[in-house]
Amino acid sequence: AQSVTQLDSQVPVFEEAPVELRCNYSSSVSVYLFWYVQYPNQGLQLLLKYLSGSTLVKGINGFEAEFNKSQTSFHLRKPSVHISDTAEYFCAVMEGGGGSNYKLTFGKGTLLTVNP
Amino acid sequence: DAGITQSPRHKVTETGTPVTLRCHQTENHRYMYWYRQDPGHGLRLIHYSYGVKDTDKGEVSDGYSVSRSKTEDFLLTLESATSSQTSVYFCAVSSGQTYNEQFFGPGTRLTVL
């Protein structure tokens with residue numbers, strides 16, 4: 001079984017500042033890793049994913065994440081945030097190769113609030 | 001948006017009544033999932049389907065049942081709703097091209113009084 005820990009439930013930042021949202025996972029098998037974003041009163045949208053290959057993954061809206069196998073982490077970063085990035089961000093893990101019927105296990109979410 | 005609709009979008013019901021939520025997709029995805037979202041808990045998997053008439057339990061399946069009689073529809077039923085089932089329910093589907101990506105519907109907000 002997998003689990004995901006998002007270390008910060010809330011992250012307030014000022015506009016144009018850099019941000020890092022932290023995610024750690026545990027699993028006894030290889031995994032795929034995902035970040036989803038949820039804007040207020042909307043469904044979830046995929047930001048980026050790591051399946052294999054390069055450990056630095058770039059996603060939409062200028063976000064990127066780095067997979068670190070030794071630290072079992074997949075932290076999300078953006079060098080300069082905008083007001084429009086205010087949303088809740090979810091880290092999720094899936095058993096690699098689809099062995100679990102492609103089920104996702106989510107973290108509890110991090111609410112990113114960008115202030116002017 | 002992967003052609004996913006959920007109905008109803010909002011529902012208020014009373015304890016003890018049956019409730020059925022519908023997820024409809026138009027792109028022939030094989031896998032479909034039901035999640036609930038609660039503050040402080042993120043999204044938790046209730047049930048999922050890996051084909052017509054093929055379903056299985058997720059992490060929080062107690063009090064819920066599902067059915068999938070055709071590819072495009074996945075129904076979630078609360079046989080006798082309780083206040084603890086007040087939540088936002090999301091349906092998701094797996095892409096036909098890359099099963100590892102899930103696409104989410106807009107959600108159904110259910111309130112059980």
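Proteins come first, then strands; the chains are lettered A, B, ... in the order of their sequence lines, and each starts at number 1. Fair warning: this is a prediction, and the values are worked out from it, not measured in the lab.
- Heavy-atom proximity under 4.5 angstrom to chain A picks out B:F90 from residues 52-90 of chain B.
- Residues of residues 34-47 of chain B that come within less than 4.5 angstrom of chain A, heavy atom to heavy atom, are B:Y35, B:Q37, B:G40, B:H41, B:G42, B:L43, B:L45 in numerical order.
- In terms of modelled atom types and a separation under 3.5 Å, the side chain of B:Q102 and the main chain of A:Y102 share a donor-acceptor contact.
- Contact annotation for A:L46: only side-chain heavy atoms (C-beta onward) come within less than 4.5 Å of a heavy atom of chain B.
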Practice problem: Test side-chain hydrogen bond (donor to acceptor under 3.5 Å, both in side chains) on B:H24 and B:R22 and set out the steps. | Solution: CA-CA 6 Å; B:H24 180 76; B:R22 180 186 185 224; 3.2 Å; yes
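- The neighbour count for A:E15 CD, taken as heavy atoms of other residues, nucleotides or ligands under 6.0 Å away, is above 12.
- Within residues 17-24 of chain A, no residue has any heavy atom less than 4.5 Å from a heavy atom of chain B.
- A side-chain donor-acceptor contact under 3.5 Å links A:T86 to the backbone of A:V114.
- Residue A:E64 forms a salt bridge (Lys or Arg N to Asp or Glu O under 4.0 Å) with just one option from A:K78, A:K49, A:K58, and that option is A:K58.
- Only the side chain of A:Q38 comes within less than 4.5 Å of a heavy atom of chain B; its backbone N, CA, C and O stay farther away.
- A donor-acceptor pair shorter than 3.5 Å can be found between the side chains of B:Y33 and B:S94.
- The stretch residues 103-116 of chain A participates, sequence neighbours left out, in these side chain to side chain donor-acceptor pair (under 3.5 Å) pairs: A:Q6-A:T110.
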